[in-house]
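What you see is a predicted model; the values in this text were computed from it and never measured. We're numbering straight along the sequence, starting at 1.
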Amino acid sequence: MSNTFKTINPATEKEIKSYTYFSSEDTNRAVEDCHQAFLNWKTKSAEERSSYLEKIADALQEHKEELTSLMTQEMGKLLKHSKQEVDLCTQICKWTAKNGPENLKDEKRELPNGGNGVITYSPIGVIYGIQPWNFPVYQVIRYSIANLMAGNGVLLKHAANVTGTGLMLEKIFEKAGLPKNLFKVLIIDHDESDKVIENKLVRGVTLTGSPDAGKIIGKKAGAQLKKSVLELGSNDAYIVLKDADIETAVKACIAGRIYNNGETCVAAKRFIIVEEVYEEFRDAYVEKMKNISYGDPTGKDAKIGPMARKDLRDELHEQVEKSVEKGAKILCGGKIPNETGYYYPATVLENVKPEQPAYDDELFGPVASLIKAKNQEDAFKIANDSKFGLGGGIFCKDEEKAIDLAKHHFDTGMVFINSFGLAQPNMPFGGVKNSGFGREHGGFGMKEFVNAKAIMALNS
């Protein structure tokens with residue numbers, strides 16, 4: 001295996017830069033350096049740590065132009081989506097800085113038989129993050145900022161095709177004043193990554209990726225008796241009920257399917273529409289999807305950029321073709337363009353049934369699956385008939401009813417009502433079933449990798 005690799009611009013198919021993998025010695029040194037930085041960092045108060053996060057938020061904005069330009073160059077997302085990503089990351093830093101000390105403060109409890117108890121949330125050490133390419137800045141900020149706030153050190157193995165973005169974040173963190181080596185980027189392959197999980201100085205592992213990757217990493221972490229947090233994608237169902245505002249539903253479901261070139265774990269992917277409004281929704285939806293243009297992600301005209309890699313486009317197209325072979329019907333799109341760039345058009349499939357990839361699996365690109373339901377009960381049955389459970393949506397004019405349905409009938413980690421949304425800094429992010437376990441954001445991520453330590457002073 002070569003010890004070098006290249007990053008490729010998916011819009012031009014041209015090389016951006018070449019990188020060399022770390023040696024085992026380089027990796028071990030980086031882990032040791034991060035641990036040493038942690039030993040000092042853990043002694044700082046939550047208020048002190050939060051002040052560094054404020055500086056990181058400012059630094060993200062200061063370097064926004066170069067960061068967004070590189071992000072778009074490396075993975076092909078629209079430039080405006082790159083800018084929105086950096087703004088969201090800035091919000092996450094600021095929210096965590098403001099609310100972290102309160103979330104992590106000691107809790108006092110009276111003991112049943114007399115005496116005083118204190119629960120303190122102690123940092124545990126170096127946390128290793130294995131992150132994907134689709135949100136090159138956000139995926140890193142999501143786990144790193146929470147763990148820095150908690151007092152931990154942070155290691156990052158980023159997806160190879162966004163290596164430049166990972167390294168730029170490391171520089172931005174250092175420029176913001178974060179102690180050197182507290183956040184370290186590891187340029188390593190899978191074999192070296194396994195050794196990092198085994199390293200005694202690494203105390204926890206977090207992965208965002210596929211279910212197959214989650215099973216592997218979860219097993220390796222478990223074998224070392226180390227906690228893991230896994231966010232593993234989904235095929236989110238968006239349910240359109242008979243009393244939905246169809247115009248609102250169509251608009252949100254278009255955005256939900258094409259945002260970030262359709263390469264979003266919590267994107268809208270399966271659209272389940274009750275039969276009373278199925279044709280109305282389908283016709284309006286297809287008409288708009290037909291007019292979704294693809295092209296240069298740095299320009300102003302395109303609504304979607306290229307897929308991040310050629311193999312990802314090929315896999316998506318194969319899923320579409322297999323679904324058609326098993327009875328699905330293409331209403332628009334579905335063909336690979338004969339031009340430079342890993343582009344794939346906005347595509348809509350109908351007659352989507354079980355045992356088709358469009359029904360069972362995650363289609364990570366701008367392909368929508370339309371499914372007709374008999375009624376409300378059938379719609380939720382279809383929505384929950386999935387091995388995944390990350391996000392979902394409900395369209396219904398009665399918001400109270402929709403919230404009640406979300407609470408009691410949707411087996412998923414997040415639900416959006418009459419809208420499509422991504423992460424919110426103050427709300428938990430995560431899923432159930434094959435979408436993984438653990439939560440990030442909203443204060444939850446700060447406590448995933450801490451020691452909830454019980455200190456008891458009993459009356460004698």
Side-chain angles (χ1 to χ4, degrees), residues 53 56-97 127 129-149 154 156-159 161-173 176 183 185 206-209 229-234 236 255-256 259-267 297 305 308 364 390-391 413-414 416 420-431 435-436 438-442 444-446 448:
L53 303 193
I56 291 173
D58 294 338
L60 285 170
Q61 288 299 313
E62 288 169 16
H63 297 276
K64 182 175 178 178
E65 291 304 316
E66 57 186 306
L67 188 57
T68 55
S69 176
L70 180 58
M71 240 198 296
T72 291
Q73 189 180 23
E74 285 192 320
M75 68 76 53
K77 68 171 70 210
L78 299 184
L79 197 56
K80 69 175 183 178
H81 289 170
S82 291
K83 291 177 180 179
Q84 289 168 5
E85 183 172 338
V86 173
D87 288 343
L88 172 60
C89 291
T90 302
Q91 292 171 18
I92 291 167
C93 292
K94 288 184 176 295
W95 189 91
T96 307
I127 307 304
I130 304 169
Q131 299 302 319
W133 45 264
N134 59 328
F135 286 91
V137 174
Y138 164 71
Q139 304 285 15
V140 178
I141 293 295
R142 188 170 73 194
Y143 85 97
S144 66
I145 293 301
N147 279 292
L148 290 171
M149 182 67 243
V154 176
L156 166 66
K157 178 192 181 299
H158 219 332
N161 59 321
V162 291
T163 297
T165 301
L167 291 171
M168 186 178 288
L169 282 172
E170 186 177 52
K171 289 179 182 177
I172 289 171
F173 278 31
F183 173 84
V185 174
T206 179
L207 163 83
T208 299
V229 167
L230 305 176
E231 196 276 276
L232 307 178
S234 195
D236 290 357
Y259 190 84
N260 203 51
N261 305 342
E263 298 166 313
T264 303
C265 51
V266 72
F364 214 62
L390 183 60
M414 297 171 280
F416 298 96
F420 162 71
L422 299 170
Q424 297 290 334
N426 63 341
M427 295 293 286
F429 185 100
S435 290
R439 290 294 181 271
E440 296 168 302
H441 296 324
F444 293 85
M446 296 180 220
E448 286 287 359

Q) At what distance, to the nearest 0.5 angstrom, does CG of Asn261 lie from CG of Leu78? A) 5.5 Å
Q: Would you confirm whether Glu170, through its side chain, and Val185, through its main-chain N or O, come within 3.5 Å as a donor-acceptor pair?
A: yes
Q. In terms of the angle between their ring planes, are Phe429 and His441 parallel, tilted or perpendicular, with boundaries placed at 30° and 60°?
A. perpendicular
Q. Considering all heavy atoms of both residues, which atom of Ala59 and which atom of Ile172 are nearest to each other, and what is their separation?
A. CB-CG2, 3.7 Å
Q | Spatial distance of atom CD1 (Ile127) from atom CG (Leu156) [nearest 0.5 Å] | A | 13.5 Å
Q: For residues Arg142 and Glu231, determine if any side-chain heavy atom of one lies less than 4.5 Å from a side-chain heavy atom of the other.
A: yes
Q | Check against side-chain hydrogen bond (donor to acceptor under 3.5 Å, both in side chains), Glu74 and Asn161 | A | CA-CA 6 Å; Glu74 285 192 320; Asn161 59 321; over 6 Å; no
(Q) Please give me the minimum heavy-atom distance between Leu390 and Gly430, naming the atom from each residue. (A) CD1-C, 3.5 Å
Q) Can you find a pair of side-chain heavy atoms, one from Thr163 and one from His158, that are under 4.5 Å apart? A) no
(Q) One thing to verify: whether Glu85 and Lys77 come together as a salt bridge, which I'm taking to mean a side-chain N less than 4.0 angstrom from a carboxylate O. (A) yes
Q. Is a side-chain N or O of Ser435 found less than 3.5 angstrom from the main chain of Gly233, in a donor-acceptor match?
A. yes
Q. If you take all heavy atoms of Ala423 and Leu88, which pair is closest and at what distance?
A. O-CD1, 3.9 Å
Q | Minimum side-chain heavy-atom gap Phe416-Leu422 below 4.5 Å | A | no
Q: Go through the steps to decide whether Leu53 and Leu148 satisfy the test side chain to side chain contact (heavy atoms under 4.5 Å, CB included), and finish with yes or no.
A: CA-CA 8 Å; Leu53 303 193; Leu148 290 171; 4.2 Å; yes
Q.
With heavy-atom distances below 4.5 Å as the criterion, would you say the side chains of Leu232 and Leu207 are in contact?
A. yes
Q. What is the ring orientation for Tyr138 with Phe135, classed by angle as parallel under 30°, tilted 30 to 60°, or perpendicular over 60°?
A. perpendicular
Q: Indicate the atoms forming the closest heavy-atom contact of Ile56 with Cys93, along with that distance.
A: CG2-SG, 4.0 Å
Q | Residue pair Glu448, Asn147: steps toward the side chain to side chain contact (heavy atoms under 4.5 Å, CB included) verdict | A | CA-CA 9 Å; Glu448 286 287 359; Asn147 279 292; over 6 Å; no
Q. Can you tell me how far OG1 of Thr165 sits from CD of Gln131, rounded to the nearest 0.5 angstrom?
A. 13.0 Å
Q | Thr68 (side chain) donor-acceptor with Glu65 (main chain) under 3.5 angstrom | A | yes
Q: Name all residues meeting the side-chain hydrogen bond (donor to acceptor under 3.5 Å, both in side chains) criterion together with Asp87; count only those two or more places apart in sequence or in a different chain, and write none if there are none.
A: Gln61, Lys64
Q: Ignoring hydrogens and angles, tell me if any N or O in the side chain of Arg439 forms a donor-acceptor pair with the backbone of Gly431 under 3.5 Å.
A: yes
Q.
Between Tyr259 and Gln84, is there a side-chain heavy-atom distance shorter than 4.5 Å?
A. yes
Q) Looking at Val266 and Phe420, what are the two nearest heavy atoms and their distance? A) O-CE1, 3.7 Å
Q. Where do Pro136 and Val162 come nearest, in terms of heavy atoms and distance?
A. CG-CG1, 3.8 Å
Q | Whether Ser144 side chain and Val140 backbone form a donor-acceptor pair below 3.5 Å | A | yes
Q) If only atom types and distance count, is the side chain of Asn134 paired as donor or acceptor with the main-chain N or O of Glu263 below 3.5 Å? A) yes
Q) Roughly how far apart are Met149 CE and Ile92 CD1, rounded to 0.5 Å? A) 15.0 Å
Q) Could you state the interatomic distance from CD (Glu440) to CD1 (Ile141), rounded to the nearest 0.5 Å? A) 12.0 Å
Q: List the steps and the verdict of side chain to side chain contact (heavy atoms under 4.5 Å, CB included) for Glu66 and Met168.
A: CA-CA 9 Å; Glu66 57 186 306; Met168 186 178 288; 4.1 Å; yes
Q: Calculate, to the nearest 0.5 Å, the distance between atoms NZ and CZ belonging to Lys171 and Phe183 respectively.
A: 13.0 Å
Q. So, do Tyr143 and Thr208 sit near enough that their side-chain heavy atoms are less than 4.5 Å apart?
A. no
